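These notes are about the structure you will find just below.
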Amino acid sequence: FNSLELDVVDVRTFFQLLDLSGGDDIDADEFIASCLRLRGGARGVDLATLIHDHTRLSKRLDEFMAYTVGCLSDLTDNMMQTSERAFSNGET
């Protein structure tokens with residue numbers, strides 16, 4: 001690690017950064033590619049941390065947005081059905 005100028009303080013975070021595929025396992029190619037990407041001191045590790053966090057949060061935001069769209073669609077459908085029933089019963 002020293003020859004690559006990798007300063008590993010938080011081992012758990014380091015291995016999360018190495019796991020590019022997000023599969024909770026790291027093969028040799030992924031390990032080497034990730035170590036080379038992270039070399040060069042804190043700047044590389046900090047940037048990799050930001051990329052990792054951004055990717056994770058972006059995925060969670062996409063999931064939340066899809067869930068919200070589904071809920072709003074259901075709500076709109078329910079409101080339309082209620083409105084149609086009220087209109088057909090002569091209610092206003």
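Computed from a predicted model, the values in this text were never measured in an experiment.
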Taking it one step at a time, do D62 and K59 satisfy side chain to side chain contact (heavy atoms under 4.5 Å, CB included)? CA-CA 5 Å; D62 288 344; K59 181 180 177 184; 5.6 Å; no
As an exercise, state the distance from CD of E63 to OG1 of T68, rounded to the nearest 0.5 Å. 11.5 Å
Is Y67 isolated, or which residues cluster with it under the ILVMFWY side-chain rule of less than 4.5 Å, directly or via members? none
With sequence neighbours left out, the residues meeting side chain to side chain contact (heavy atoms under 4.5 Å, CB included) with I51 are L47, T55
Acceptor/donor pairs from residues 69-84 side chains to any protein atom, 3.5 angstrom cut, sequence neighbours excluded:
{"residue": "T76", "atom": "OG1", "partner": "L72", "partner atom": "O", "Å": "2.8"}
{"residue": "N78", "atom": "ND2", "partner": "D74", "partner atom": "O", "Å": "3.4"}
{"residue": "T82", "atom": "OG1", "partner": "N78", "partner atom": "O", "Å": "2.9"}

